[in-house]
K.L.:
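Supplied in structure tokens, the structure appears directly below.
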Amino acid sequence: MRSSRRDVCVLAGFLGSGKTTLLARYLQERGGTGVAVLINEYGAIGVDHHMVQRVEERTILLEGGCACCSRREELAAALRQLVELDHGDELLSVREVLIETSGLADPVPILFTLMSDPVLRHQLGAASVVVTLDALGGASQIEQHAEIRKQIIAADRVVITKADLADRLTIENCRIRIRRLNPTAKIVVSVLGDAFGVLAPDSDLGHAGDLVKAYGQDFAMETSPHRDVRSTALTFNGPLDWAAFSVWLSMLLQARGPDVLRIKGLLDIGDAGPVVLNVAQHVVHPPDHLPVWPVGERRSYLTVITRQIDPGRIARSMETFQRAGGRAGFRVHALS
Amino acid sequence: MCILCSQLFNEIHWSDRQLTPELITRGGGEAGRRQGRQIRTRLVERVLAHYHLDVSDDWSATNYVVANRKGGHQVVSSLAELWQAAGKMAGQNLDPLDDTLLEHLSDSGHER
């Protein structure tokens, strides 16, 4: 069932990685009706704004800084303005909001801004994060820039752009580097913005299906070369107790939030369908309770990406809390 | 606003499964919410006992009351606020990865 709240997509990616090409193509193909675009430019003149405005009239430009820090309030204010205009019938009904960030922006504070604002959290749905990565320079940019690593870890979908300029090995190298940082992100390859469909709101079942597929195919990855960042995939021998899990997760995020970079998964809590969980540092998206399991067997999967924390300690802690919460025989198994 | 208890919900915490503002306004889901809440509070109680703290629900089962043994207490509305308040009262970061806490939880489980 689709929520009445507006879908939000945060589009991030390093300078020149093809964000605007993807966005412009999406707006052209989709027709632009019902889509609002916010562009955050780092610099005196927002050049990108003029490129997008031709196809999308409802563009609000945030100039002069990064959406993740100095302009956080302005981002919230701009979004509130959009919502108010929508109510005042000055615009046709807005169903989707696309936020194009500046190249340096960390998406997590943007998600936090959206979810903590008393007006916006009732008007906007949970945001998905799409990150663009240049096929030619992407692998080395991941090594060199912490900002890019943060963006990829926060991503739900990563677009390897300019694929026509790179050979297969280079693209594969990019894909491997992305997987090492974020095992569950959906990765697509794009030429001249032809993967624009990733900006469309995900259907819930499709998203959950992607997650299961990611576990099935890619999880036997070697660990990240960034030694402080580690990822692990966990599964359990039975349904978990949601109350005990929420006590454990809230305590973990309070104590270790900055170092718990990402938690994502499908959880069997004993209902007919699973819970889709998506956590980016201290930001917990409202868990999605699906009516049925998407594909395959009924089994919980949980990916945890941490910095300077041994994933084995996470598994042991979670198991102990589940047992203390009444699931005496509960066991956590590592898939990787 | 819940029509049963007149409690104003200004935020639904992510841990309150399947609750929506519309459901709360109609007074729906109250029994399930209280049941889940009770399980959570019992587990939090066992965790906080390790730090010589106590927790209870307020009358409406929407706020937690964290207390220490010197009579100090604080009312908080969510699990996130609870861990913050308890950490301040205990004078330390409450870490679920702490081995001594995990041993305490395992041991107190055997005693039950």
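By convention in this document, chain letters (A, B, ...) are assigned in the order of the sequence lines, proteins followed by strands, and residues within each chain are numbered from 1. In this text the structure is predicted, and so the values were computed from the model without any measurement.
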K.L.:
Are more than 12 heavy atoms from other residues, nucleotides or ligands located less than 6.0 Å from atom NE2 of B/H50?
P.N.:
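Yes - once you tally the heavy atoms of other residues, nucleotides and ligands closer than 6.0 Å, there are more than 12.
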K.L.:
Tell me, with the steps shown, if B/L97 and A/D310 meet side chain to side chain contact (heavy atoms under 4.5 Å, CB included).
P.N.:
CA-CA 10 Å; B/L97 305 184; A/D310 174 3; over 6 Å; no
K.L.:
Measure the shortest side-chain to side-chain distance between A/V247 and B/W83 over non-hydrogen atoms and say whether it is less than 4.5 angstrom.
P.N.:
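Contact flag for A/V247/B/W83 side chains = yes.
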K.L.:
Shorter than 4.5 Å, heavy atoms on both sides: which option in A/T320, A/L253, A/I314 has the most such pairs with chain B?
P.N.:
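Winner by heavy-atom pair count: A/T320.
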K.L.:
Can you tell if the side chain of A/R316 reaches within under 4.5 Å of the side chain of B/D99, non-hydrogen atoms only?
P.N.:
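Yes, their side chains come closer than 4.5 Å.
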K.L.:
Counting C-beta onward and ignoring hydrogens, is there a side-chain heavy-atom pair between B/L79 and A/L249 closer than 4.5 Å?
P.N.:
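Not in contact.
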K.L.:
Quick one: which residue pairs count as a salt bridge (Lys or Arg N to Asp or Glu O under 4.0 Å) with a foot in residues 240-256 of chain A, not counting sequence neighbours?
P.N.:
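Listed once each, the pairs are A/D241-A/R327, A/R256-B/D95.
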K.L.:
May I ask you to test the B/L102-A/F321 pair for a side-chain heavy-atom distance under 4.5 Å?
P.N.:
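When only atoms from C-beta onward are counted, A/F321 and B/L102 do touch, with a gap below 4.5 Å.
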K.L.:
So, taking the atom named CZ in B/R40 and the one named OG in A/S250, what distance separates them when rounded to the nearest 0.5 Å?
P.N.:
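B/R40 CZ to A/S250 OG: 8.5 Å, rounded to 0.5 Å.
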K.L.:
Can you check whether B/S106 reaches A/R323 side chain to side chain, under 4.5 Å on heavy atoms?
P.N.:
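B/S106 vs A/R323: side chains apart.
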K.L.:
Out of curiosity, B/L43 CG to A/M251 CE, how far, rounded to the nearest 0.5 Å?
P.N.:
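Separation between the atoms: 9.5 Å.
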K.L.:
So for A/I309, is it side chain, backbone, both, or neither that comes closer than 4.5 Å to the heavy atoms of chain B?
P.N.:
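It is the side chain, since no backbone atom gets that close.
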K.L.:
Under 4.5 Å from any heavy atom of chain A, what part of B/L82 do you find: side chain, backbone, both or neither?
P.N.:
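For B/L82, there is no contact with chain A at all, as no heavy atom is under 4.5 Å.
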K.L.:
Hey, are the side chains of A/W242 and B/I39 touching, using non-hydrogen atoms and a 4.5 Å cut-off?
P.N.:
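Of all side-chain heavy-atom pairs linking B/I39 with A/W242, none is under 4.5 Å.
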K.L.:
Mind checking what makes salt bridge (charged side-chain N to carboxylate O under 4.0 Å, His left out) contact with A/R331, not counting sequence neighbours?
P.N.:
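Listed in chain order: nothing, the list is empty.
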K.L.:
Can you see which heavy atom on A/S317 is nearest to which on B/P96, and at what distance?
P.N.:
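It is OG-O, 2.7 Å.
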